[in-house]
Amino acid sequence: MLRIRHEVNGGPEVLFAEDVAVPVPGPGELLVAVEAVGVTLPVVRKVREGAEPVALGGEVAGTVAALGEGVRGFALGDRVTGLCFGHGYAEYALLAAPFASAVPAGASSVDAVALVRSGLVARGACEAGRIRPGESVLVTAAASGVGSLAFRMARAAGAGRVVAAVSRPDKAGFLRGLGADEVVLYADPAAWGGPYDVVLDGVGGELLGPAVRALATGGRLVAYGSGGGSVEAYELLVRGASVTGFQIRAVARGRPEVYEGWRRDLWKAYADGSLRPAVHGEIPLAEAARAHALIEERRNLGKVVMIP
């Protein structure tokens, strides 16, 4: 089977394809014949900045090809999606059964990888932000798979004003088409139009400071990206503001009943048409370097998905 990996850290050019044996599922695992792979910023950053090469995981969707010992609730031929913590950039991938869920009839594998993991992160960030009716919300990385769902979920949660923050002005039309009230650029924090009751930050790093300073009195910032960064305590003190970190893996492992409830809600919203993921395009798995370049260069409009 085809698999993508890297032996050194660096840019998209370090990714290469290899032919390896199809893995065998262990206890509690599903072997999935992959039909779609979601590309995430955390994985792109691990390739570029990681201490050492890692298996390229992420969200995958496809058909169950084999079952490991002890797996219940799934059968051969079932269509599933889930988070793969091993080699996910491959024609076959292993999913731990607790992190897998059925893909309902009528949903494509592309929509599944664009909706589930990104939607769970977006939902969790909105919940952590405790958005109240009429509040103002700023969403960074708004053109990403997560961000493009997060600001729509913020609206559904009752936000009165939702502003999308991005790196490039050519993303404005895309975001307004999805319902953003305004679009602002990272490069000009003075023009962000705050203060905001809630900031959902998927970028971190150097953007974290301006994001905190954009908070209103009593404001809440939710950091859910992989960019790190530091916060000056004084900036929180003078605003009576707070910062909360959010990671979906922690919820999946520590609060599985919450994770499963959010997942059901996502598919319900998909089925009734109230929430559909934005997909940038479908890129061949063998061209994974091109998919990573899209994200590194901040050119993606919605979720980047690879097809084996």
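- The shortest side-chain heavy-atom distance between His6 and Val54 falls under the 4.5 Å cut-off.
- Interatomic distance, Arg299 CZ to Ile295 CD1, rounded to the nearest 0.5 Å: 10.5 Å.
- More than 12 non-hydrogen atoms from other residues, nucleotides or ligands lie less than 6.0 angstrom from CZ of Arg253.
- The distance from the CZ atom of Arg45 to the CD atom of Glu296 is 10.0 Å, given to the nearest 0.5 Å.
- Ala112 and Ala61 get closest at one heavy-atom pair: CB-CB, 4.1 Å.
- Tyr270 is not listed as a side-chain neighbour of Pro104, based on a closest heavy-atom distance of 4.5 Å or more.
- Here CD of Glu91 is found 12.0 Å from CD of Glu35. Values are rounded to the nearest 0.5 Å.
- Listed for the Arg5 side chain is no donor-acceptor partner under 3.5 Å among the backbone atoms of Tyr89.
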Tabulate below the donor-acceptor pairs under 3.5 Å that side-chain atoms of residues 301-308 make, not counting sequence neighbours, or state none.
{"unit_1": "Lys303", "atom_1": "NZ", "unit_2": "Val39", "atom_2": "O", "d": "3.3"}
{"unit_1": "Lys303", "atom_1": "NZ", "unit_2": "Glu59", "atom_2": "OE2", "d": "2.9"}

I'd like a table of donor-acceptor pairs (distance under 3.5 Å, sequence neighbours excluded) in which one partner is a side-chain atom from residues 81-88, with atom names and distances.
{"unit_1": "Thr81", "atom_1": "OG1", "unit_2": "Val60", "atom_2": "O", "d": "2.8"}

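- Within the structure, salt bridge (Lys or Arg N to Asp or Glu O under 4.0 Å) contacts touching residues 203-222 (residues at least two apart or in different chains) are Glu135-Arg220.
- Note that OH of Tyr224 and OG1 of Thr140 are 5.5 Å apart. Values are rounded to the nearest 0.5 Å.
- Under the 4.5 Å side-chain heavy-atom criterion for grouping Ile, Leu, Val, Met, Phe, Trp and Tyr, Leu178 is connected to Val166 within one hydrophobic cluster.
- A donor-acceptor contact shorter than 3.5 Å is absent between the side chain of Asp201 and the backbone of Val222.
- Remark: side-chain polar atoms of Asp188 are not paired, donor with acceptor, to backbone N or O of Leu185 under 3.5 angstrom.
- A single hydrophobic cluster is not seen to contain both Val139 and Leu207; linkage of ILVMFWY side chains at heavy-atom distances under 4.5 Å, directly or through other members, places them apart.
- For the pair Arg3 (side chain) and Val20 (backbone), a donor-acceptor distance under 3.5 Å is absent.
- To the nearest 0.5 angstrom, Leu138 atom CG is 11.5 Å from Asp197 atom CG.
- Trp192 and Ile131 sit in two unconnected hydrophobic clusters of ILVMFWY residues. Membership requires side-chain heavy atoms under 4.5 Å apart, directly or through other members.
- For the pair Met153 and Val137, the minimum side-chain heavy-atom distance is 4.5 Å or more.
- Between Leu30 and Pro25, the shortest heavy-atom distance links the atoms C-CB, 4.3 Å.
- A donor-acceptor pair under 3.5 Å is formed between the side chain of Ser148 and the backbone N or O of Gly145.
- Atom CZ of Arg161 is surrounded by more than 12 heavy atoms from other residues, nucleotides or ligands within 6.0 Å.
- The two residues Leu67 and Ala75 make their nearest non-hydrogen contact at CD1-CA, 4.2 Å.
- For the side-chain contact (heavy atoms from CB on, under 4.5 Å) with Leu221, the qualifying choice from Val198, Val212, Leu236 is Val212, the only one to do so.
- At distances below 3.5 Å, not a single donor-acceptor pair connects side-chain atoms of Arg117 with backbone N or O atoms of Val113.
- Using a 4.5 Å heavy-atom threshold, the side chains of Ile248 and Val251 count as touching.
- Here the shortest heavy-atom pairing between Val162 and Ala159 reads CG2-CB, 3.8 Å.
- Residues Leu31 and Leu94 have side chains in contact (heavy-atom distance under 4.5 Å, counting atoms from C-beta outward).
- Hydrophobic clustering of Ile, Leu, Val, Met, Phe, Trp and Tyr side chains at less than 4.5 Å, counting indirect connections, keeps Leu175 apart from Tyr186.
- Residue Glu232 places its CD atom among 12 or fewer non-hydrogen atoms of other residues, nucleotides or ligands, all under 6.0 Å distant.
- Counting only heavy atoms from C-beta outward, the side chains of Leu56 and Lys46 never approach each other to under 4.5 Å.
- The main-chain N or O of Glu182 is never found under 3.5 Å from a side-chain atom of Arg176 such that the two would form a donor-acceptor pair.
- Under the 4.5 Å side-chain contact rule for hydrophobic residues, Val146 and Val116 share a cluster.
- Residue Gly160 comes nearest to Arg155 through the heavy atom pair O-NH1, 3.5 Å, listed as atom of the first residue, atom of the second, then distance.
- Of all heavy-atom pairs spanning Asn300 and Ser144, the tightest one is ND2-CA, 3.9 Å.
- A donor-acceptor contact shorter than 3.5 Å is absent between the side chain of Asn9 and the backbone of Arg48.
- Atom NZ of Lys171 sits in a crowded spot, with more than 12 heavy atoms from other residues, nucleotides or ligands closer than 6.0 Å.
- Residues Val37 and Ile4 form no side-chain contact, since every pair of their non-hydrogen atoms from C-beta on lies 4.5 Å or further apart.
- Counting non-hydrogen atoms of other residues, nucleotides and ligands closer than 6.0 Å to OH of Tyr92 gives a total of 12 or fewer.
- Annotation: side chain of Val163 is not in contact with side chain of Ser136 (no heavy-atom distance under 4.5 Å).
- One distance of note links CD of Glu127 with CZ of Phe246; it measures 9.0 Å at 0.5 Å rounding.
- Between the side chain of Trp262 and the main chain of Glu257, no donor-acceptor pair closer than 3.5 Å is present.
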